[in-house]
Structure formats: C-alpha cells, structure tokens
Amino acid sequence: MTRRKYVVGNWKMNGLTSALNEAQAIFAAAKEHPSVDVALCPPFTLIGPMIAAAPGAAVGGQDCHSAASGAYTGSVAASMLTDIGARLVIVGHSERREGFDESDADVKAKAEAALAAGLSVILCVGEPREVRESGGAIDYVLAQIAGSLPDEFDSTKLAIAYEPIWAIGTGLVPTVEDVAAMHGAIRAKLSDQAGSAAGQVMRILYGGSVNAENAEELLGAGDVDGALVGGASLTAAKFVPIVAAGAKLG
Ligand code: PGA
C-alpha cells in the first residue's frame, strides 16, 4: 500500500496578511513536488485571504466547533470553514486539549462535525513528558485514539498526527525507533478499530520540532506518512525543504 506523503503546516496564532507572500511561495514551491500533498492551516482570519492568494491550494483551520451553529461566542463551525473554501481542519491539537480542556469525546465530536461538513481531518494525539518517561506512551496514545476516533468515517479523509507534547516547539524529538514503534502501534490500533483496509489507507503524520535537518530521518521512519509542522512552517525557506524531504521519500 503506498500512501502519499502529506506535509501540513500549522501556523498556530501567527501570521498577519503580510505573511501571505510566504504562503504563496510555499504553494508555488509545492508544485515542484507533485508527489507530496501540502496544506497550510493558518489562523481563521487568514484562511480566506490565503485561498485568494493561492487559488487551488489546500488551506484549512486549526480547530472547529462540534455544533453546526448557535450561541458559541468566538467559535467557528466546520461548515463555515467549508463555506470559505477550506479543505481540512486540525482537531485535538495538544494546545487545545490542554489549554482549552478538550476531552477525547470533544475531539471525536469535532472530527465528526468536520467530516460531515466535507472537510478532511487531522486528528492529533500525543503523550506528555512524564508519560513518556514512565514508559506508558503507547498505551496513552492508543487510549486517546480509542476515545477520539469517529465511529464511522472515510479513511481517505482522516489522518492521525502523532505529536508528543514534550517535542512540540522544544527542539526535542523522539528517536526514529520510538517514532516507528508508536506509528506501528497506531496503525495496528486503527486497523483494529476501523478495519484493516482503513488501517492501511490512513495516513499517520509525525509532529513536534520537525525541521529541514531532521525531516528526512523522521519522514523515513516506519509507518510515517508525513509531518505536521509548527514553527518551521511559517516561512518558505524553512518549510519547503521539509516538503522536498517528503518528495525524496515518497
Ligand atoms: P512545532 O509544532 O513544529 O513547532 O514543534 C508542531 C505542532 O504543534 O503541530
């Protein structure tokens, strides 16, 4: 089974309209690497302008609400993302799980709402440092998947991002062996929960301090189908080499 490499930038709460030229440069360079699927998830305010600046590009949100509409001040519904041309959304990022108290059930509801609205989903999981140190990382992550994976879904539309919390924005990364062991365990869990065909089709991205220097090694680890990139996705100079690493391996 060959799964296309998928390299996604999560801009987090970074980026004014002046950053749109970086997005244009990223999507222009991505065209040189047609074997890799490239997407950017900027703040909500930049989604529409980014799609206008780079027509046809895969642009998405970093979160959505699970309800279709209503009295949820400050929130954005999945259908609102589809409406402005977004193609994907990240759900369950650790900065949402931790900072906004999102449970596995919340993440599952968001993923289901996003899929129902026609978006592709990147569902994030990952353990805190103390869990990694205690040897419980795989059990922890598989429990997150058990609790947050939708009951039914199109396996081409849902990707998992494994992001160890202690590796996000820290410059620390797990060993390639640990990444491969985790991704292999995730794939076995997906096959168990969603069926073996789905388990083979679904892409599992690694995230946490991916950069131009370590991308080839991390993307080359067993069962790694791409990367979810934070800091190094903000400029073309840092992000395009990660896309190129994916193309080399893809
Ligand atoms: P980082 O963030 O690449 O800056 O570590 C990754 C993420 O949080 O998705």
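Note that ligands are numbered from 1 as they come in the structure, with each ligand's atoms numbered from 1 the same way.
The single protein non-hydrogen atom nearest to atom 2 (O) of ligand 1 is Lys12 NZ, 3.3 Å, given as residue, atom name and distance. The nearest heavy-atom contact from the protein to atom 3 (O) of ligand 1 is Gly230 N, 2.8 Å. Among protein heavy atoms, the minimum distance from atom 4 (O) of ligand 1 is reached at Gly231 N, 2.9 Å. Regarding atom 7 (C) of ligand 1, its nearest protein heavy-atom neighbour is Glu163 OE2, 3.1 Å.
If you look at Asn10 next to ligand 1, the close heavy atoms, those under 4.0 Å, all belong to the side chain.
Considering Ile204, Asp223, Asp37 as possible partners of Arg3, the one that fulfils the side-chain contact (heavy atoms from CB on, under 4.5 Å) test is Asp223.
His65 has its side chain out of reach of Lys110: every pair of non-hydrogen atoms, C-beta onward, lies at least 4.5 Å apart. Contact check for Val131 versus Asp139: no side-chain heavy atoms found under the 4.5 Å cut-off. Between Val229 and Val8 there is no side-chain heavy-atom pair separated by less than 4.5 Å. Using a 4.5 Å heavy-atom threshold, the side chains of Tyr6 and Val38 count as separate.
Counted by atom type alone, Glu127 and Trp166 present one or more donor-acceptor pairs between their side chains at under 3.5 Å.
Gly207 does not count as a contact of ligand 1, since none of its heavy atoms falls under 4.0 Å from the ligand.
Within ligand 1, the atoms closer than 4.0 Å to a non-hydrogen atom of Ser209 are 1 (P), 3 (O), 5 (O), numbered from 1 in the order shown. With ligand atoms numbered from 1 in the order given, ligand 1 contributes 7 (C), 8 (O), 9 (O) to contacts under 4.0 Å with heavy atoms of His93.
Around CZ of Arg129, the count of heavy atoms belonging to other residues, nucleotides or ligands within 6.0 Å does not exceed 12.
Here's the thing with Ala232: none of its N/O atoms is less than 3.5 angstrom from an N/O atom of ligand 1. Residue-to-ligand polar distances place Gly169 within reach of ligand 1: an N/O pair is separated by less than 3.5 Å.
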